[in-house]
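Okay, so here's the structure we're looking at.
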2 protein chains.
Amino acid sequence: MQIGEAARRAGLTVKTVRYYANIGMVTPRQNAVTGYRDYAEGDVAKLQFVGKARKFDFSVEECRELLGLYEDRNRPSREVKALTLKKIDEIDRRLAELQSLKDELSGLASSCDGDNRPDCPILNALSGGG
Amino acid sequence: MQIGEAARRAGLTVKTVRYYANIGMVTPRQNAVTGYRDYAEGDVAKLQFVGKARKFDFSVEECRELLGLYEDRNRPSREVKALTLKKIDEIDRRLAELQSLKDELSGLASSCDGDNRPDCPILNALSGGG
DNA sequence: CTTTACCTTCCCCTTGGGGGAAGGCTTACA
DNA sequence: TGTAAGCCTTCCCCCAAGGGGAAGGTAAAG
């Protein structure tokens, strides 16, 4: 099928699908007559796979790795689990970062009256030496 | 002072300080003899201000806005607080997103043995229709 | 005279595509 | 017959927020 239908079926944009072809992640055959990209069912499955993995915050490079494991019928599940745990770890770190950021900002916001007067503890904190 | 010392004092890299000058965020005078950027004390204060705001996850554009408020001695603190609350809101949304992502990934990871066998619930979930 | 340490501008690189131009193909409709 | 719509292609610039490094100018110090 042509790229438009493949994209529709995978729930991706044509741009994205073309991008995945360009970086060698999901490479369709080429129609010898038209020169158009020609997607098989298996390609659509891969596109869907990548689309989901991206939603799970896996980077394109990690998706490539997962796709390799997905295509290798003999790979140990250990490898996939390791990648997943690593990703969970990253998310944990980012969660902690954001939480402490939020705590600091919340502290600042609650100390500020937010009225019409020019005195603002938030700006004072940002400009103060610390 | 020259850009190197200004950067050091603000805790930023020279690249970053030069970038802020290029986008018109903190614009030093120019030394007429050498053509070098010439930073005053006030400029360093602004650089420190921006540096801190960036650490609080404010975008460069938001920093520009905060800097405008910082320089306006008559602005109401309301505006600063509104910007801060908006940022807290964004952080909250991102926290929720990451948390649900983590929950899903954790569920997948715990259902996977992670051994030498090829059967992997994680890959099954990524490739399954849903 | 040369090294070292500054500074300058300029250009390419990153992530993951989006937007749109310019051009080619086929099918449908007036 | 013309032409408009709807596909497809490649090509290039754009986003954030700078990082890396080249090429070149200048000043102080040995």
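The sequence lines fix the lettering, A, B, ..., with proteins before strands; numbering per chain opens at 1.
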### Nucleotide D/dG18, atom C1' - distance to CG of B/L47 in whole Å
15 Å
### Task
Could you check how far NZ of A/K55 sits from P of C/dG17, rounded to whole Å?
12 Å
### Query
With no hydrogens and no angle check, is any side-chain donor or acceptor of A/D43 less than 3.5 Å from a backbone partner on A/A40?
yes
### Message
Check the phosphate of D/dG18 against B/R54, side-chain N and O only, distance under 4.0 Å to OP1 or OP2. Yes or no?
### Response
yes
### Query
Got a sec, which residues hit ring-ring contact (aromatic ring centres under 6.0 Å, His included) with A/F58, two or more places apart in sequence or on another chain?
none
### Query
Can a salt bridge be assigned to the pair A/E97 and A/R94 using a cut-off of 4.0 Å between side-chain N and carboxylate O?
yes
### Query
So does B/R37 get a side-chain nitrogen or oxygen closer than 4.0 Å to the phosphate oxygens (OP1/OP2) of C/dT9?
yes
Scan the side chains in residues 104-114 of chain B for donor-acceptor partners under 3.5 Å anywhere in the protein, sequence neighbours excluded, and list what turns up.
from   : atom 1 : to     : atom 2 : distance (Å)
B/S106 : OG     : B/K102 : O      : 2.7
B/S110 : OG     : B/S106 : O      : 3.3
B/S110 : OG     : B/G107 : O      : 3.1
B/S111 : OG     : B/L108 : O      : 2.8
B/D113 : OD2    : B/R117 : NH2    : 3.0

### Query
Could you state the OH-C1' distance from A/Y36 to D/dC8, rounded to the nearest angstrom?
4 Å
### Task
Ignoring hydrogens and angles, tell me if any N or O in the side chain of B/Q30 forms a donor-acceptor pair with the backbone of B/G35 under 3.5 Å.
yes
#### Entry: Per A/S59 side chain, nearest of listed nucleotides D/dA17, C/dT9, C/dG16
C/dG16
### Counterpart residues, side-chain contact (heavy atoms from CB on, under 4.5 Å), relative to B/I3 (two or more places apart)
B/V14, B/V17, B/R18, B/R37, B/Y39
#### Entry: Members of residues 1-26 of chain B that approach DNA chain D, where some heavy atom sits under 4.0 Å away
B/T13, B/K15, B/T16, B/Y19, B/Y20
### Query
Rounded to the nearest Å, what distance is computed from the CZ atom of residue B/R64 to the C1' atom of nucleotide D/dA16?
13 Å
### Under the side-chain contact (heavy atoms from CB on, under 4.5 Å) test, residues paired with A/Y36 that sit two or more places apart
A/Q2, A/T34
### Task
Decide, yes or no, whether a salt bridge links A/R8 with A/E5 under the criterion of side-chain N to carboxylate O below 4.0 Å.
no
### Task
Starting from P on D/dA17, measure out to CZ on B/F58 and report it in whole angstrom.
13 Å
### Task
Round to a whole Å and report the spacing from CG of B/N31 to P of C/dC6.
17 Å
### Message
Let me test you: for the helix from C/dC1-D/dG30 to C/dA30-D/dT1, what is the angle between the axes at its two ends (five pairs each), rounded to 10 degrees?
### Response
40°
### Any donor-acceptor pair under 3.5 Å from B/R75 side chain to B/D72 backbone
yes
